[in-house]
Amino acid sequence: MLLGSCPDSWGVWYASDPRQTPWNRFLDELAAAGYSRLELGPYGYLPTDPGRLLDETAARGLTIVAGTVAGAGGPHKDFAFVLAETRKVAALTQAVGATNLIFVPVPGYRDDVTGAYTGSPSLDSAQWQALIDNSNALGRILFEEYGLSLRFHPHADYQVETQAQTERFLEETDPRYVSLCLDIGHLAYRAADVPGMIRKYPDRVGYVHIKQMDPVIAARAADEDLAFGQAVAQGVSVEPPSGSPDIPAVLAALSHLDPALVVVVEQDMYPVDADVPLPIARRTRQYLQSQGL
C-alpha cells in the first residue's frame, strides 16, 4: 500500500491559524520524516496555485495523492454551498494530478471548542435521504467532470460516525460514485469493529486514514459528553501503537484489498507546539513500515 501523511499530523485544522505550523515548514518536515506522499489538507493552507504547489512539492520529492474538502458541512445541508466548495478543491486536485477527493463533513452537530450542540446527533428521514442523494450527486459530478473519486470520511460529531451509521451510508449510496475514506481512528472513537468493517465492505474502502485513539480518554469523552475537539485537546488522538484500533489487525484486513490503496497517517493534535509533530511523524512512519506498510 502507498503510505503518506497530511497537514493534520502537524496540528493543522484550518486554512489559516497563527497556532498552526507554517505551510513551508510542514512540507519541509514531511519530507524530513521520510514521507513522499501528501494529502493537501484544508483548502488554502498550502498554495492554491497549481504550478506553485507542484513546484513546492516536487522540490521536496513529494507527490500529491488527494485533495481535502473540510469546513463545508455535511452534504445533507446547503448542497449548493457544499458543491461550490467542493469544486474549488476538485479543480486544484485535478490540476496537480491527484485522483482522490476526501470529503470531511465538518462542522457537524457540535462546536469543537465549547462543546455546545448545534444540531441533532441523528438525521431525520428527509435529512438522511438528502445525505444519500447529495453524496451520490457529488460523487457523480467529481467522477464525470474531474476524473476524481469521492472518498467520504465518517467523522466524530457528524451524523455518520458510528459503525451502524457508516454501514447504512454504504448500503444506500451508489458504489459507482461513493466510497469511504476509512478513518480508523474516528470509527474506533465510536467503538466500531474496524477490521470487521473492512472485511464486510472491502469494495467500498477507497482510501484510508490510519490513526489511533486512547480508549481511556475516548471512554471519558463519552461519559462526560465531550465534543471531539475537546477530546483532542485532552490527547485522545495518540501515536501508534499506543491506542486503538489494533494496527496489525487493521493491516491484516487491508492486505486483501488493492495493493495501490493509499494509506495516509493522521494524528489530530490541534493545537500543538510546532516542535512536537516531526519526531512523532518519524516514529510513526518507522512503526508502520515495521508492520509492512
Side-chain angles (χ1 to χ4, degrees), residues 2-73 75 78-107 137-153 181 206-207 209 260 262-272 274 277-278 281:
L2 308 178
L3 183 62
S5 193
C6 62
D8 187 39
S9 293
W10 269 257
V12 175
W13 279 14
Y14 304 104
S16 179
D17 188 307
R19 293 182 291 180
Q20 295 179 166
T21 302
W23 67 265
N24 49 355
R25 177 173 176 175
F26 157 68
L27 290 179
D28 288 343
E29 293 191 353
L30 180 71
Y35 293 99
S36 60
R37 297 177 181 89
L38 165 68
E39 182 183 315
L40 294 179
Y43 182 83
Y45 171 66
L46 292 169
T48 57
D49 175 79
R52 185 183 182 196
L53 181 57
L54 285 171
D55 286 345
E56 294 285 355
T57 52
R60 297 166 172 87
L62 300 171
T63 299
I64 301 165
V65 294
T68 316
V69 176
D78 182 348
F79 186 62
F81 175 72
V82 168
L83 180 57
E85 292 298 296
T86 300
R87 284 190 182 280
K88 291 193 306 185
V89 179
L92 176 61
T93 304
Q94 179 191 52
V96 297
T99 57
N100 300 286
L101 195 291
I102 314 305
F103 190 94
V104 187
V106 294
L138 194 64
R140 179 181 54 78
I141 290 167
L142 289 171
F143 181 74
E144 293 180 352
E145 298 186 22
Y146 299 93
L148 302 177
S149 297
L150 174 64
R151 314 302 192 185
F152 185 89
H153 182 309
C181 170
Y207 193 96
H209 280 172
V262 177
V263 178
V264 165
V265 175
E266 277 199 324
Q267 185 173 343
D268 293 305
M269 295 189 291
Y270 176 84
V272 66
L278 177 57

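Quantities reported herein were computed from a predicted structural model and do not represent experimental measurements. Every heavy atom of this structure was used, including side-chain atoms; hydrogens, water molecules and symmetry mates were not.
Taking CD of E39 as the reference point, atom CG of L46 lies at 11.0 Å (rounded to 0.5 Å). In this structure, Q94 CD and E145 CD are separated by 10.0 Å, a value rounded to the nearest 0.5 Å. I64 contributes atom CD1, which lies 5.0 Å from atom CG of L54 (distance to the nearest 0.5 angstrom). Taken to the nearest 0.5 Å, the CG atom of L138 stands 7.0 Å off from the CG atom of L101. Rounded to the nearest 0.5 Å, atoms OG1 (T68) and CZ (R151) are 13.0 Å apart. Here the CG atom belonging to L83 is positioned 10.0 Å from the CG atom belonging to D78, to the nearest 0.5 angstrom.
The closest side-chain heavy-atom distance from R60 to L30 is not below 4.5 Å. At a threshold of 4.5 Å between non-hydrogen side-chain atoms, the residues V106 and H153 do not count as touching. When side chains are defined from C-beta on, I102 counts as touching H209, because their heavy atoms get closer than 4.5 Å. Side-chain contact check for Y45 versus T21: some heavy-atom pair is nearer than 4.5 Å. Two residues are said to be in side-chain contact when any heavy atoms from C-beta on lie closer than 4.5 Å; C181 and Y207 meet this criterion. Between F103 and V82, the closest side-chain pair of non-hydrogen atoms falls below 4.5 Å. When side chains are defined from C-beta on, L3 counts as touching Y35, because their heavy atoms get closer than 4.5 Å. Using a 4.5 Å cut-off on side-chain heavy atoms (C-beta onward), W23 and P7 make no contact.
Using a distance-only test at 3.5 Å, with no hydrogens or angles considered, no donor-acceptor pair links the side chain of E85 to the main chain of G71. Put simply, the side chain of T93 never gets that close to the backbone of A98: no donor and acceptor are under 3.5 Å apart. The main-chain N or O of C6 is never found under 3.5 Å from a side-chain atom of E266 such that the two would form a donor-acceptor pair.
Nearest heavy atoms, A91 versus Y146: N-CE2, 3.9 Å. When all heavy atoms of P277 and S9 are compared, the pair lying nearest together is CB-O, 3.4 Å. Here the shortest heavy-atom pairing between A15 and P42 reads N-CB, 3.8 Å.
Taking the six-membered ring for Trp and thresholds of 30 and 60 degrees, F26 and W10 have ring planes more than 60 degrees apart, a perpendicular arrangement.
Heavy atoms of other residues, nucleotides or ligands lying less than 6.0 angstrom from CZ of F143 number 12 at most.
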Checklist line | Residues V89, L40; criterion side chain to side chain contact (heavy atoms under 4.5 Å, CB included); working and verdict | finding: CA-CA 10 Å; V89 179; L40 294 179; 6.0 Å; no
Next item on the list: Check the pair V65, L2 against side chain to side chain contact (heavy atoms under 4.5 Å, CB included), reporting the backbone distance first and the verdict last.
Entry: CA-CA 10 Å; V65 294; L2 308 178; 6.0 Å; no
Next item on the list: Just do the side chain to side chain contact (heavy atoms under 4.5 Å, CB included) check on L27 and L38 with the steps written out, would you?
Entry: CA-CA 9 Å; L27 290 179; L38 165 68; 3.9 Å; yes
Note to self: Could you go through Y270 and V12, starting from their C-alpha distance and side-chain angles, then the distance that decides it, and tell me whether this counts as side chain to side chain contact (heavy atoms under 4.5 Å, CB included)?
What the structure shows: CA-CA 6 Å; Y270 176 84; V12 175; over 6 Å; no
